[in-house]
Amino acid sequence: ETMESVTGLADREKEVAERLQVDRVIIVPGNSDRYSWVKKELGRACIQQMKDMLQPEDIVAVAGGTTLADVAQMMTPDEKFSSVTFVPARGGLGEKVEIQSNTISSTMAVKAKGNYRLLHVPDQLSREARESLVLEPGIKELLRLIRRAGIVVHGVGAASTMAVRRGAEDDILRVLQEKEAAAEAFGYYFDRNGQIVHKEKTIGLQLDELQENQKVITVAGGASKAEAISAYMNYRPSDVLITDEGAAQAVLGD
Ligand code: G3H
């Protein structure tokens with residue numbers, strides 16, 4: 001790679017950061033819509049960020065999805081993770097086991113030689129079930145850990161892609177369409193202005209409860225996610241966005 005293209009990427013990182021009001025943007029080369037290895041590079045960059053931001057004894061809450069699964073795959077043992085506990089950000093969202101946040105947080109912990117705790121909650125809970133589950137001592141303890149997370153790591157998806165992948169019912173698909181949902185993250189759906197238009201019925205991280213001192217790392221690449229990334233950042237600009245050239249170009253509209 002030439003020096004010129006390296007400098008070019010740094011410039012783009014600043015442009016995207018300004019456009020999305022995100023503190024720090026990291027762009028990896030390529031477009032993950034086209035090549036799966038680009039997601040692995042997103043994963044590598046994400047782990048480096050986590051290491052830079054970690055405090056001893058930190059709780060790291062991780063969301064689900066194929067991007068986060070690749071982050072977990074890229075994890076390697078590091079002394080920095082030995083006192084860290086990985087927890088899933090929220091309960092089940094109707095995804096395959098391999099890309100559920102429970103699986104991803106435990107995989108990350110095992111590979112990092114850190115610690116993990118699981119949150120066993122089925123998908124699509126009724127209100128009654130949620131209300132009684134959150135009183136269970138084991139679950140209460142997990143929810144307390146999730147709320148204390150120093151770092152939250154998550155992906156972003158295009159709303160329609162995510163709803164279809166999770167087998168959303170027709171009435172939900174209709175709501176998402178009517179309200180022009182553009183993005184999905186943590187089981188929350190957002191329109192292009194960053195307004196929440198739908199929430200999956202599960203427990204765990206409540207986005208509106210996130211404090212200033214809780215650091216959020218967003219990992220999302222591919223030109224197809226540009227609109228979703230912008231929409232989500234209108235809700236709450238993350239501390240760090242890790243993305244790829246494909247998405248960055250589309251976010252900047254060129
Ligand atoms: O929660 C999942 C994310 O919104 C996106 O998933 O990484 O498979 O695209 P993905």
Side-chain angles (χ1 to χ4, degrees), residues 28 30-47 60-75 86-105 107-108 119 121 123-124 146 149 152-168 172-173 176 181-192 194 196-207 210 216-236 238 240-244 246-247 250-251:
V28 305
N31 179 351
S32 40
D33 287 340
R34 300 186 59 172
Y35 300 107
S36 56
W37 55 262
V38 179
K39 266 191 196 172
K40 301 262 194 292
E41 290 308 313
L42 291 173
R44 192 196 307 274
C46 179
I47 288 162
V60 178
V62 300
T66 58
T67 312
L68 265 292
D70 274 343
V71 176
Q73 287 309 317
M74 297 305 283
M75 184 61 89
F86 293 86
V87 295
R90 297 189 83 197
L93 294 170
E95 297 272 28
K96 289 191 295 182
V97 159
E98 307 86 89
I99 60 171
Q100 286 175 12
S101 50
N102 259 335
T103 312
I104 292 170
S105 63
T107 304
M108 267 190 205
L119 177 64
V121 183
D123 301 339
Q124 295 301 330
I146 293 170
V152 177
V153 191
H154 74 100
V156 175
S160 54
T161 310
M162 296 310 300
V164 170
R165 184 168 97 191
R166 292 172 181 166
I172 301 295
L173 291 176
L176 295 176
E184 186 281 344
F186 306 99
Y188 287 79
Y189 286 85
F190 309 83
D191 66 16
R192 62 208 292 229
I196 295 174
V197 295
H198 176 66
K199 292 179 191 178
E200 293 288 353
K201 295 179 179 62
T202 188
I203 59 172
L205 186 105
Q206 301 300 312
L207 272 184
L210 275 178
V216 178
I217 306 179
T218 302
V219 203
S224 63
K225 286 191 183 182
E227 211 196 345
I229 294 169
S230 303
Y232 173 76
M233 293 305 173
N234 282 334
Y235 172 77
R236 183 192 198 272
S238 300
V240 183
L241 167 66
I242 295 160
T243 190
D244 60 21
V251 162

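From a predicted model like this one, the values you see are computed outputs, not experimental measurements. All ligand and atom numbering here is 1-based and tracks the order in the structure.
Residues Glu98 and Ile104 approach most closely at O-CG1, 4.1 Å, considering heavy atoms. When all heavy atoms are compared, the tightest approach of Lys225 to Val156 is NZ-O, 2.9 Å. Smallest separation of non-hydrogen atoms from Asn31 and Val38: N-CG2, 3.8 Å.
What sits closest to atom 7 (O) of ligand 1 on the protein, heavy atoms only, is Thr67 OG1, 2.5 Å. At the top of the distance list for atom 3 (C) of ligand 1, counting protein heavy atoms only, stands Glu184 OE1, 3.7 Å. Closest to atom 10 (P) of ligand 1, if we only count protein heavy atoms, is Thr66 OG1, 3.3 Å. Looking from atom 9 (O) of ligand 1 to the surrounding protein, the closest heavy atom is Lys225 NZ, 2.6 Å.
Of the N or O atoms in Glu95, none lie within a sub-3.5 Å distance of an N or O in ligand 1. Residue contacts with ligand 1: Arg165 is placed with a nitrogen or oxygen under 3.5 Å of a nitrogen or oxygen of the ligand (distance criterion only). The N/O atoms of Ala185, backbone and side chain alike, include none that comes under 3.5 Å of an N/O atom in ligand 1.
The side-chain contact (heavy atoms from CB on, under 4.5 Å) test with Val153 is passed by exactly one of Val60, Ile47, Ile242, Val216: Val60.
Of all atoms in ligand 1, listed by their number and element, those nearer than 4.0 Å to a heavy atom of Gly64 are 1 (O), 2 (C). Of all atoms in ligand 1, listed by their number and element, those nearer than 4.0 Å to a heavy atom of Gly157 are 3 (C), 4 (O), 5 (C). Applying the 4.0 Å criterion to heavy atoms of Arg166 picks out, from ligand 1, the atoms 1 (O), 2 (C).
Note: Ser105 OG to Leu119 CG = 9.0 Å, rounded to the nearest 0.5 Å. In this structure, OH in Tyr232 is found 9.5 Å from CD1 in Ile196, a value given to the nearest 0.5 Å.
The aromatic rings of Tyr235 and Phe190 are tilted relative to each other, their planes meeting at an angle between 30° and 60°.
The residues Arg166 and Glu184 are annotated as salt-bridged, a charged nitrogen and a carboxylate oxygen being separated by less than 4.0 angstrom.
Neither the backbone nor the side chain of His154 has any atom closer than 4.0 Å to an atom of ligand 1 (non-hydrogen atoms only). Residue-level proximity to ligand 1 for Ile99 is absent, since no heavy atom of it falls below 4.0 angstrom.
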